[in-house]
Student: 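One structure, pasted below without further comment.
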Amino acid sequence: MFQSKRTPANTYNYVPLTPRSRLERLLRERELRKSFKNTLPTDEARDGNKEGEQCCSDSSISENEISGVHKEEEATETNKQDERPNKQRLLVVANRLPVSAVRDGVESYQLEISVGGLVSALLGVKEFDTRWIGWAGVNVPDDVGRRALTKALAEMRCIPVFLDEEIVNQYYNGYCNNILWPLFHYLGLPQEDRLATTRTFQSQFDAYKEANQIFADVVHQHYEEGDVVWCHDYHLMFLPKCLKERNDKMKVGWFLHTPFPSSEIHRTLPSRSELLRSVLAADLVGFHTYDYARHFVSACTRILGLEGTPDGVEDRGKLTRVAAFPIGIDSERFIQALELPEVQEHMKELKERFAGRKVMLGVDRLDMIKGIPQKILAFEKFLEENSHWRNKVVLLQIAVPTRKDVPEYQKLASQVHEIVGRINGRFGTLTAVPIHHLDRSLDFHELCALYAVTDVALVTSLRDGMNLVSYEFVACQASKKGVLILSEFAGAAQSLGAGAILVNPWNITEVAASIGYALDMPADEREKRHQFNFKHVKTHTSQEWAATFVSELNDTIVEAQLRTRQDPPLLPNKVAVDCYSKSNNRLIILGFNATLTEPVDSLGRAGQIRELELKLHPNLKETLKKLSDDPQTTIVLLSGSNRAVLDKNFSEFNMWLAAENGMFLRLTSSEWMTTMPENLCMDWVDSVKHVFEYFTERTPRSHFELRETSIVWNYKYADVEFGRIQARDLLQHLWTGPISNASLDVVQGGRSVEVRTVGVSKGAAIDRILGEIVHNKGMKAPIDYVLCIGHFLAKDEDVYKFFEPELPCESPPVPRAMLCKSNSYRPSSVQKLTANRAGIKTAHYKKQRSLSNIEKREIDQSRPTYRDKISQHEGSSVLDLKGDNYFSCVVGRKRSSARYLLKTSDDVVNLLSDLAKHSSPTT
């Protein structure tokens with residue numbers, strides 16, 4: 001049973017039981033919401049909602065509904081306060097507040113309700129104590145005005161964010177509307193003047209980041225521990241990162257209300273990586289459809305090189321959950337509104353006006369993505385091909401003007417007017433025209449009446465995040481049971497597709513044929529289609545959407561906490577340095593790749609070159625020099641790289657180099673020797689090499705490295721999906737071919753496949769390495785401090801467990817053999833070691849050890865010098881570690897058997913620099 005921490009500010013976090021599965025949790029939460037709703041008084045019909053596409057001209061939702069939606073419950077809930085925990089606070093952060101402010105005095109403002117789909121969604125969610133944070137749509141430069149507006153908005157549970165005109169112009173009109181919005185709707189980046197775009201892009205992006213930081217500052221001012229912060233839309237993609245940098249314990253969710261484009265579209269954005277990483281700072285990322293979520297995960301894998309999982313995106317052990325949450329509408333508002341006298345009167349007028357004619361309806365914003373020209377052209381083609389319908393059908397097109405000052409929108413309006421005029425002139429009569437086009441919005445009553453009398457609704461969006469017009473039409477069709485023709489490029493197609501007629505709006509012929517099919521559809525088919533969609537609209541409401549998202553966010557936090565308990569904690573640098581300074585004989589074991597190298601973007605242009613040619617972090621040279629010159633400190637560089645790479649980077653330091661997972665060893669002042677097991681067989685190399693060569697040729701941007709004791713195929717820079725497919729195919733070739741009967745290990749990395757002989761690992765080699773070090777230095781004082789840092793493969797993490805003091809080696813050392821110049825093999829007679837401490841069972845982890853034959857040979861300098869075999873216990877026998885003096889650290893990966901975590905190689909640099917300050921150079 002897991003209980004989250006209670007806080008004074010919020011007791012909602014109390015979780016009595018953690019469900020055993022996500023499905024169980026969802027079912028439980030749904031039942032709780034239902035039972036909670038039943039305890040509240042029934043609201044009267046609220047008939048003033050602005051529909052989701054903002055096609056209503058006025059709204060009768062009162063300020064009390066936004067500001068005091070909870071007030072009506074206070075009296076009835078007074079006696080229930082002790083029965084359930086306090087409501088969780090929900091901070092909704094959006095670009096605009098649900099109200100617009102107009103200044104009408106020095107210290108007074110007129111507030112106008114501007115309710116949209118998001119507001120109506122959250123109005124019905126009574127499980128949370130909601131606060132709104134956003135821009136009020138007005139520039140307030142003076143402190144007096146800001147205080148007055150803040151006070152006025154506070155009564156409506158709103159918190160203003162103040163942005164000056166320059167930031168609004170660059171951030172909102174520039175980056176959001178001119179860059180992100182067109183790109184997310186597949187319209188691409190501005191093309192008119194590439195040079196001008198390049199010049200202004202950076203200033204707009206800087207303003208975008210600055211605006212997001214201003215939002216973050218306001219959130220932090222009002223945040224209380226336990227609050228949920230829900231960020232909305234493409235305007236605030238940078239916000240999750242800003243919030244988490246200030247408080248990584250904050251619960252942050254981010255939801256996108258537009259489509260998210262495919263990775264090939266998103267990768268054209270200059271700031272692509274920075275925006276993706278900023279969004280990934282959130283705990284939960286939500287989209288309307290699975291397609292959008294899939295595109296986001298694909299962008300993260302292909303652009304950032306991160307790992308996509310069924311639950312989301314994983315970056316260095318942190319999992320950001322990505323899921324689809326289709327928004328709905330407040331269906332009851334529309335259903336109940338149909339019973340209102342005003343709506344009934346409008347319905348009567350419309351039926352009389354269009355008596356004897358089928359009514360088709362389109363309700364859209366006048367926007368490039370809504371496909372209004374395509375819709376009208378398809379209707380024209382339908383009239384051309386079906387002359388018997390010409391006086392029996394009428395298309396009512398409501399086109400709400402937006403962004404009237406933008407030339408592209410002015411051009412679109414002129415184009416639509418021209419097409420409508422041509423069709424009406426061609427097919428109209430003195431008494432009737434086939435198309436009624438309105439360049440304005442309708443009030444809520446008129447819109448509901450229009451929905452109710454419509455026979456066919458036509459939604460031809462070229463690209464739409466969701467399109468709630470389709471939901472509103474279905475909600476108002478209980479008696480008429482009209483047909484919905486829906487674009488497959490609208491998000492709603494994934495929800496209502498089974499009951500609607502799906503069309504490609506670019507295919508004018510297909511849309512025209514669908515119009516004919518809808519008008520001639522039998523009543524029983526219309527009934528079945530309507531019932532399917534109506535049930536979905538009734539159950540998947542906007543309130544359910546909001547409650548589900550916040551519930552998922554809370555659940556994601558609990559799961560993350562459970563995962564964190566299994567992850568190693570961050571290394572306490574101060575403790576590690578303090579123990580180092582107090583010890584007398586220290587051993588530092590360091591990996592190389594991703595440990596002592598500079599952090600690189602996994603898919604950056606320079607990243608591949610830097611990783612193929614590993615180079616020491618430039619800030620480490622002076623530090624390693626000081627540490628390696630300390631007579632009380634022994635440094636071992638333990639790497640899978642070959643000897644040439646280690647020689648190139650570390651020859652100038654006084655340290656031990658262990659190449660190819662410890663199979664080759666040398667002190668930088670001496671020659672290479674081998675620690676390979678005596679009977680190591682490498683006959684398999686050629687056959688495996690042929691397989692690796694074949695797949696390297698078939699997989700662009702992959703490469704393989706032939707080492708002396710292993711062979712590695714790396715596909716890190718190949719296409720992610722194709723690389724994984726190729727890796728699976730390669731493994732099948734290996735298992736059924738060259739390694740089917742061989743004694744080999746196949747080690748799979750993040751994006752690599754390595755084949756090595758069984759028993760070759762860093763943990764298996766470390767004891768032999770220690771034995772050689774002890775002999776070389778004539779070490780008498782026991783090693784009383786060990787620091788082991790690396791970004792090792794899981795196969796090599798046995799090196800961390802080797803030094804665990806809980807598994808001591810108490811057998812006496814075996815006398816070292818004499819050096820021998822003979823090339824002949826001499827078998828080793830080393831007794832096995834057993835742990836005899838009371839309470840330590842043999843079932844515990846046993847340190848891997850394999851016999852070695854280190855022999856000195858008189859051969860040319862290009863080959864390693866061999867020495868005779870080392871006792872396998874000579875190294876471990878000099879360890880005298882206490883638990884507090886052993887620090888094993890994994891770099892950049894949270895799932896590890898190491899004791900501690902260092903996030904990046906920069907953290908390694910800082911730690912080693914601190915250790916160097918307590919080192920004494922050789923005198």
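In this text, all values refer to a predicted model and were calculated from it rather than measured experimentally.
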Student: Does the distance from a Lys or Arg side-chain N to an Asp or Glu carboxylate O, for Glu380 and Arg426, drop under 4.0 Å?
Tutor: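 Salt bridge between Glu380 and Arg426, a charged N being under 4.0 Å from a carboxylate O: yes.
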
Student: Which heavy atom of Pro505 sits nearest a heavy atom of Gln374, and at what distance?
Tutor: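 Answer, listing the atom of Pro505 first, then Gln374: O-CB, 3.5 Å.
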
Student: Give a yes-or-no answer on whether the side chains of Arg302 and Ser298 include a donor-acceptor pair shorter than 3.5 Å.
Tutor: yes

Student: Return yes if a side-chain donor-acceptor contact under 3.5 Å exists between Glu314 and Thr309, otherwise no.
Tutor: no

Student: Do Glu384 and Arg390 sit within salt-bridge range, that is, some charged N less than 4.0 Å from a carboxylate O?
Tutor: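 Salt bridge flag = no for Arg390 with Glu384.
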
Student: Do side-chain atoms of Asn212 reach the backbone of Phe238 as a donor and acceptor pair under 3.5 angstrom?
Tutor: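 Here the side-chain-to-backbone pair exists.
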
Student: In the structure I gave you, are the side-chain heavy atoms of His346 and Cys448 within less than 4.5 Å of one another anywhere?
Tutor: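 Result no, sub-4.5 Å side-chain heavy-atom pair not found.
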
Student: Counting distance only, does the side-chain N/O of Trp254 pair as donor-acceptor with the main-chain N or O of Asp233 below 3.5 Å?
Tutor: yes

Student: Is there a side-chain contact between Leu447 and Asp443 (heavy atoms, below 4.5 Å)?
Tutor: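 Not in contact.
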
Student: Closer than 4.0 angstrom, basic N to acidic O: yes or no for Asp719 and Arg701?
Tutor: no

Student: Any non-hydrogen side-chain atom of Val279 less than 4.5 Å from a side-chain atom of Leu276?
Tutor: no

Student: Any side-chain to backbone donor/acceptor pair from Arg403 onto Tyr409? Under 3.5 Å, distance only.
Tutor: no

Student: Can you see whether Asp364 engages Gln397 through a side-chain donor-acceptor pair at a distance of less than 3.5 angstrom?
Tutor: yes

Student: So does His536 get a backbone contact from the side chain of His540, meaning a donor-acceptor N/O pair under 3.5 Å?
Tutor: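 Present.
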
Student: Does Arg277 come within less than 4.0 Å of Glu274, counting only side-chain N to carboxylate O?
Tutor: no

Student: Check whether Ser414 reaches the backbone of Gln410 with its side chain - one donor and one acceptor, N or O, closer than 3.5 Å.
Tutor: yes

Student: For the residue pair Trp230 and His232, categorise the inter-ring angle as parallel (less than 30°), tilted (30 to 60°) or perpendicular (more than 60°).
Tutor: tilted

Student: Any Lys/Arg nitrogen of Glu349 or Arg353 sitting under 4.0 Å from an Asp/Glu carboxylate oxygen of the other?
Tutor: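 The answer is no: the pair does not qualify as a salt bridge.
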
Student: Can you check whether Phe379 reaches Val394 side chain to side chain, under 4.5 Å on heavy atoms?
Tutor: no

Student: Taking CD in Glu418 as the centre, count heavy atoms belonging to other residues, nucleotides or ligands within less than 6.0 Å. Is the count above 12?
Tutor: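 Counting other residues, nucleotides and ligands, CD of Glu418 stays at 12 neighbours or fewer.
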
Student: With ring centroids as reference points, do Phe287 and Tyr292 lie under 6.0 angstrom apart?
Tutor: no

Student: For the side chain of Thr301 and the backbone of Val297, is there at least one donor-acceptor N/O pair under 3.5 Å apart?
Tutor: yes

Student: Is there a donor-acceptor contact under 3.5 Å linking the side chains of Asp330 and Tyr471?
Tutor: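 No - no donor-acceptor pair under 3.5 Å links their side chains.
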
Student: Report yes if some heavy atom in the side chain of Ile501 is under 4.5 Å from a heavy atom in the side chain of Val483; otherwise report no.
Tutor: yes

Student: Over 60° means perpendicular and under 30° means parallel, so classify the ring planes of Phe549 and Phe255, tilted if in between.
Tutor: perpendicular

Student: Indicate yes or no for a side-chain donor-acceptor contact from His185 to the backbone of Trp181 under 3.5 Å, with no hydrogens or angles considered.
Tutor: yes

Student: Give a yes or no answer on whether the side chain of Asn424 reaches the backbone of Ile435 with a donor-acceptor pair at less than 3.5 Å.
Tutor: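 Judged by distance alone, yes, a pair lies under 3.5 Å.
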
Student: Are Tyr451 and Glu472 linked by a side-chain donor-acceptor pair shorter than 3.5 Å?
Tutor: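 A donor-acceptor contact under 3.5 Å links the two side chains.
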
Student: Thinking salt bridges, do Asp291 and Arg294 make one under a 4.0 Å N-O criterion?
Tutor: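 Yes, this pair counts.
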
Student: Work out which heavy atom in His295 is nearest to a heavy atom in Pro261; give both atom names and the distance.
Tutor: CB-O, 3.2 Å

Student: Contact between Ile179 and Gln204 at the side-chain level, heavy atoms closer than 4.5 Å - yes or no?
Tutor: yes

Student: Check the pair Phe722 / Tyr715 against ring-ring contact (aromatic ring centres under 6.0 Å, His included), numbers first and verdict last.
Tutor: CA-CA 9 Å; Phe722 184 59; Tyr715 59 95; 9.9 Å; no

Student: Salt-bridged, Arg321 to Glu552, with N to O below 4.0 Å?
Tutor: yes

Student: Establish, yes or no, whether a centroid distance under 6.0 Å links the rings of Tyr186 and Phe489.
Tutor: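 When the ring centroids of Tyr186 and Phe489 are compared, they turn out to be at least 6.0 Å apart.
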
Student: Output yes when Glu721 and Arg724 qualify as a salt bridge under the 4.0 Å nitrogen-oxygen rule, no when they do not.
Tutor: yes

Student: Side chains of Asn467 and Asp464: is there a donor and an acceptor less than 3.5 Å apart?
Tutor: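 Yes - a donor-acceptor pair under 3.5 Å links their side chains.
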
Student: Check whether any side-chain N or O of Asn386 sits under 3.5 Å from a backbone N or O of His388 as a donor-acceptor pair, and report yes or no.
Tutor: no

Student: Is the ring pair Phe260/Phe184 parallel, tilted or perpendicular, if the boundaries are 30 and 60 degrees?
Tutor: tilted

Student: What distance separates Leu450 CG from Thr454 OG1, expressed to the nearest 0.5 Å?
Tutor: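 These two atoms lie 4.5 Å from each other.
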
Student: Ion pair present between Asp729 and Arg698, side-chain N to carboxylate O less than 4.0 angstrom?
Tutor: yes

Student: Is the shortest heavy-atom distance from the side chain of Val474 to the side chain of Phe532 under 4.5 Å?
Tutor: no

Student: Side chains of Ser100 and Arg96: donor-acceptor distance under 3.5 Å anywhere?
Tutor: yes

Student: Salt bridge or not for Arg529 and Glu525, using N-O below 4.0 Å?
Tutor: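 Glu525 and Arg529: salt-bridged.
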
Student: Going by the rule ring pair (Phe, Tyr, Trp, His ring centres under 6.0 Å), which residues pair with His436 if we only count those two or more places apart in sequence or in a different chain?
Tutor: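 Only Phe354 meet the ring pair (Phe, Tyr, Trp, His ring centres under 6.0 Å) criterion with His436.
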
Student: Kindly state each residue pair satisfying side-chain hydrogen bond (donor to acceptor under 3.5 Å, both in side chains) with at least one member in residues 479-491, sequence neighbours excluded.
Tutor: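 The answer is Asp455-Lys480.
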
Student: Indicate yes or no for a side-chain donor-acceptor contact from Lys370 to the backbone of Leu462 under 3.5 Å, with no hydrogens or angles considered.
Tutor: no

Student: Do Tyr172 and His235 have their ring centres less than 6.0 Å from each other?
Tutor: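 Yes, the ring of Tyr172 comes within the 6.0 Å limit of the ring of His235, centre to centre.
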
Student: Compare all side-chain heavy atoms of Pro434 with those of Leu395 and state whether any distance is below 4.5 angstrom.
Tutor: no

